[in-house]
Novice: 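This is the structure I have questions about; it appears just below.
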Amino acid sequence: MRAHCLAALAAALALFATPQAHAETQQAHPHAEKWSFSGPFGTYDRASVQRGFLVYETVCAACHSLRHLSYRNLGEEGGPFAAYRVFNEETGQHETTLGLHGGHEGKLVEIQDNPYVAAIAAAVMIPDIDRDTGEATERAGRPSDRFRSPYPNPIAARAANGGALPPDLSVITLARHDGANYVHSLLTGYSDPPAGVDVVQGKYYNRYFAGGWIAMPPPLASADMVTYSDGTAATPEQMARDVTHFLAWASDPKMEMRKSLGLQSMAFLLVLTFLVYLAYKQVWRGTKH
Amino acid sequence: MAGPSTYQPASGFTRWLDTRLPILRLAHDSFVAYPTPRNLNYWWTFGAVLSMCLVVQIVTGIVLAMHYAPSIHDAFASVQRIRRDVPWGWLIQPIHAVGASMFFLAVYIHMFRGLYYGSYKAPREVLWILGCVIYLLMVATAFLGYSLPWGQMSFWAATVITNLLGAVPVVGTAIRDWLMGGFAIDNPTLNRFFSLHYLLPFLIVGVVVLHVWALHEAGQNNPAGVDPKEKGDTVPFTPHATMKDLFITVVFLLLFGLFVFYMPDALGHPDNYIPADPLVTPTHIVPEWYLLPFYAILRAIDFNVGPIDSKLGGVILMFGAIAVLFVLPWLDTSRVRSMRYRPIAQQFFLIFVVVCIALGWCGAQQPAAPVIPHPAFKADLRWVEGGTSATRTVTATSERDAVAGFEAAAQEMRQAGAQLVLVNRTSPTQATLTGVSGGTEQRATVQGRDLDALEAEIGKRKASLGAASVPFVEVDRKEPFVFTVTRFSQILTAYYFLFFLGILPLLGLRETASRVPDTIAKSIRGGAH
């Protein structure tokens, strides 16, 4: 067997030798979607991230944690619930708005004053220790809390999901190849298995999942599992798009900041390259080399 | 080579300092007045790029170490915290991660430059060896650093490499257990990896100082490979080399920035964003791109040679691939330094570069994957439909003539009218023979694009026949020759070593070099100054 050369690395090697891809369960490449955040100038679609957060909270959060994020992250610069103090020229008043619209100038509302984030956090009950008795208790969430995990530990998570562990979604779009397309394809990729494929009990066929059989039931099977406040129709496709958008933001919340600093840095470096080139040529002028 | 110092203290203070600690004199002689061959091309600017990379890695690394938590429970989360909450952490962490790749990109260009222009030849052997030491330290540092985020690739790369060290005879297991701090990759491993990852870069700085010292003693090589003979052959380091180095460094920063700002994860593996899990092995364990050629050499050895098993053989060759660089100055017998004047060596060098890149490609593939398309895997099936089957148990006298005995019994059954006989060996000396007769013999050929697909096809065909009317099917598998990644790696590995151990020693004795110019000035188009 080919794998002999590393035979002692038993664990690593078992996989080289094990047939991975059977013709009938070959993993499909994620379907390439258009995302507003791709490309060197791409940014997140704030409304879509907000809608996606609602889908996560209503649907995904029942099984999937988001443990590297805190509620306060939602209201930070670039987050879906970043609030700004904006001067309203019609009323002559300063008012708090969600995000900045139409080129308005505004000052970011400090996280402790952000009413949206406070409301989101307060709606969640967080496990804690009672300060007087030391007993386990629950209290309303605060913006500084981490996103509440649905299960107290991985064993409980497996027990509740037929042995499968729902992965944490904090960096899910970075943790999969072609992450955003993968998540979107997976969410919309459930179907009946092709003819001749043996059904795996307790699992669902999804051609975008490695091996073809996933333990997660179709999470966005019907329309209107959430009600969007902006009037967008909550079709399964729309919800999948939105939640993918939200998870892309959650995986890489500083992406917009990075790209905008990148533009400035690259522009600066290009000018510097030109100037240094001139200086270099000037120094070497008259020296044959 | 540097000649007498030309430093002139300009002020009272510098005169005072010069007689107490001539550090400004050292700096002046090393980086200002230092004579630089004036025919250096852009390939000579990567020393400066590498210095920049080293400083960037150390500075960003020190900041990251302030926020990183070397514990298996916190490491992954602390990296996330750096990227999300630490001020500018979202920039510093990708700079450090991408910086490792940039460092290796620059060092490979630097090393290939040295190879092509014979920068390892006298009087620069020690300079070259110090460079090899730096490279070895870089590999170790990068490997240790890759394990710190404690993602899946971190964990499994650490597992694979530490296990490899266990293959070394006598001391291997001791070294492995000492590195791991136990019998598996765990918290003690992560702690010592972090400690060593912080230590090694400063050792690199120390060796870099020696490297630069040796460089200034022997003087820089140059594309012509001839020593500077007169003052007109050189220019002062500052501003000539400084400005040229600065120019290339800024261009290099553009590439660096392109990755940091726009593709920070393009050079990494998605699996490293999955927290380490000792119970789940990734389907495909790969190192970072810059170590892939060595990984390919390691995996190329899939056979045992005498007492050396395939694993140890792979380890020997992998380390040998770096070790051979250390003795290169004494392997290359040519008296001509620069390959610019060695037309045949040039060709072999070009092949060598392609081989190294191809090895990198192999390192990223599954070992059994075919490199070029191959014919389908086929199997001939024979079975008898609607016959009656008879079973017979045969016991052989000894294990040695068991096979012959079973075959003779099967032959007997065939002569007695069995159309097809199945030999099922139940113990070393016993077999159950099933013969079918009185039915109609059927044949079929199935095929699949690989062995797995073929087996699936055979299984399907067997299932469709039904066990009731067909007791068994005789399968004759015909595997085509598949040119796998492992085979390809073996050829490439052979060339890698042949280049150093065969081509360079022999070619230097046989080849006729083209005319080497007497002076640097003559090597420059346009002749004299």
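The structure displayed is predicted, hence computed values, not measured ones. Order of the sequence lines sets the chain letters (A, B, ...), proteins ahead of strands, with each chain counted from 1.
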Novice: Would you call the rings of Tyr277(A) and Phe247(B) parallel, tilted or perpendicular, where under 30° means parallel and over 60° means perpendicular?
Specialist: tilted

Novice: Go through the atoms of Leu258(B) and report whether side chain, backbone, both or neither lie under 4.5 Å from a heavy atom of chain A.
Specialist: both

Novice: Considering only heavy atoms, which portion of Pro264(B) lies under 4.5 Å from any heavy atom of chain A: side chain, backbone, both, or neither?
Specialist: side chain

Novice: What part of Pro40(A) lies closer than 4.5 angstrom to a heavy atom of chain B: side chain, backbone, both or neither?
Specialist: both

Novice: Which bit of Leu275(A) comes within less than 4.5 Å of chain B, counting heavy atoms only: side chain, backbone, both or neither?
Specialist: neither

Novice: Tell me, for Arg285(A) versus chain B, whether the close heavy atoms (under 4.5 Å) come from the side chain, the backbone, both or neither.
Specialist: neither

Novice: For Tyr42(B), I'd like to know if atom OH has over 12 heavy atoms of other residues, nucleotides or ligands within 6.0 Å.
Specialist: yes

Novice: Give the member of Asp252(A), Asp168(A), Leu69(A) that has the highest number of heavy-atom pairs under 4.5 Å with chain B.
Specialist: Leu69(A)

Novice: Which answer fits Ser251(A), side chain, backbone, both or neither, if we ask what part of it has an atom under 4.5 Å from a heavy atom of chain B?
Specialist: backbone

Novice: Counting heavy atoms not belonging to Trp284(A), are there more than 12 under 6.0 Å from its CH2?
Specialist: yes

Novice: Could you tell me whether Tyr280(A) and His240(B) have their ring centroids closer than 6.0 angstrom?
Specialist: no

Novice: Roughly how far apart are Leu254(B) CG and Leu270(A) CG, rounded to 0.5 Å?
Specialist: 5.0 Å

Novice: Tell me if the CZ atom of Phe483(B) is crowded by more than 12 foreign heavy atoms within 6.0 Å.
Specialist: yes

Novice: Side chain, backbone, both or neither: which part of Val260(B) has a heavy atom under 4.5 Å from chain A?
Specialist: backbone

Novice: Measure the spacing between CG of Asp277(B) and CG of Leu165(A) and express it to the nearest 0.5 Å.
Specialist: 8.5 Å

Novice: Is it the backbone or the side chain of Ala267(A) that comes under 4.5 Å from a heavy atom of chain B, or both, or neither?
Specialist: neither

Novice: Could you tell me which portion of Leu91(B) (side chain, backbone, both or neither) has an atom closer than 4.5 angstrom to a non-hydrogen atom of chain A?
Specialist: side chain

Novice: Is any side-chain heavy atom of Tyr273(B) closer than 4.5 Å to one of Ile172(A)?
Specialist: no

Novice: Show me the pairs that pass ring pair (Phe, Tyr, Trp, His ring centres under 6.0 Å) and involve residues 248-267 of chain B, at least two apart or across chains.
Specialist: none

Novice: Counting heavy-atom pairs under 4.5 Å with chain A, which one of Arg84(B), Gln152(B), Arg83(B) comes out on top?
Specialist: Arg84(B)

Novice: Looking at Ile274(B), Asn39(B), Ile248(B), Val251(B), which makes the most heavy-atom pairs under 4.5 Å with chain A?
Specialist: Ile274(B)

Novice: Where on Met255(A) is there a heavy atom nearer than 4.5 Å to chain B: the side chain, the backbone, both, or neither?
Specialist: neither

Novice: Do the side chains of Pro270(B) and Arg176(A) get nearer than 4.5 Å, heavy atoms only?
Specialist: no

Novice: I'd like to know if Arg72(A) pairs up with Asp85(B) as an ion pair, taking the criterion as any Lys NZ or Arg NE/NH1/NH2 lying under 4.0 Å from an Asp or Glu carboxylate oxygen.
Specialist: yes

Novice: Measure the spacing between CZ of Arg81(B) and NE2 of His68(A) and express it to the nearest 0.5 Å.
Specialist: 12.0 Å

Novice: Look only at the side chain of Trp90(B) and the backbone of Arg258(A), and say whether a donor-acceptor pair between them is shorter than 3.5 Å.
Specialist: no

Novice: Could you give the distance from CD (Gln282(A)) to CE (Met243(B)), rounded to the nearest 0.5 Å?
Specialist: 10.0 Å

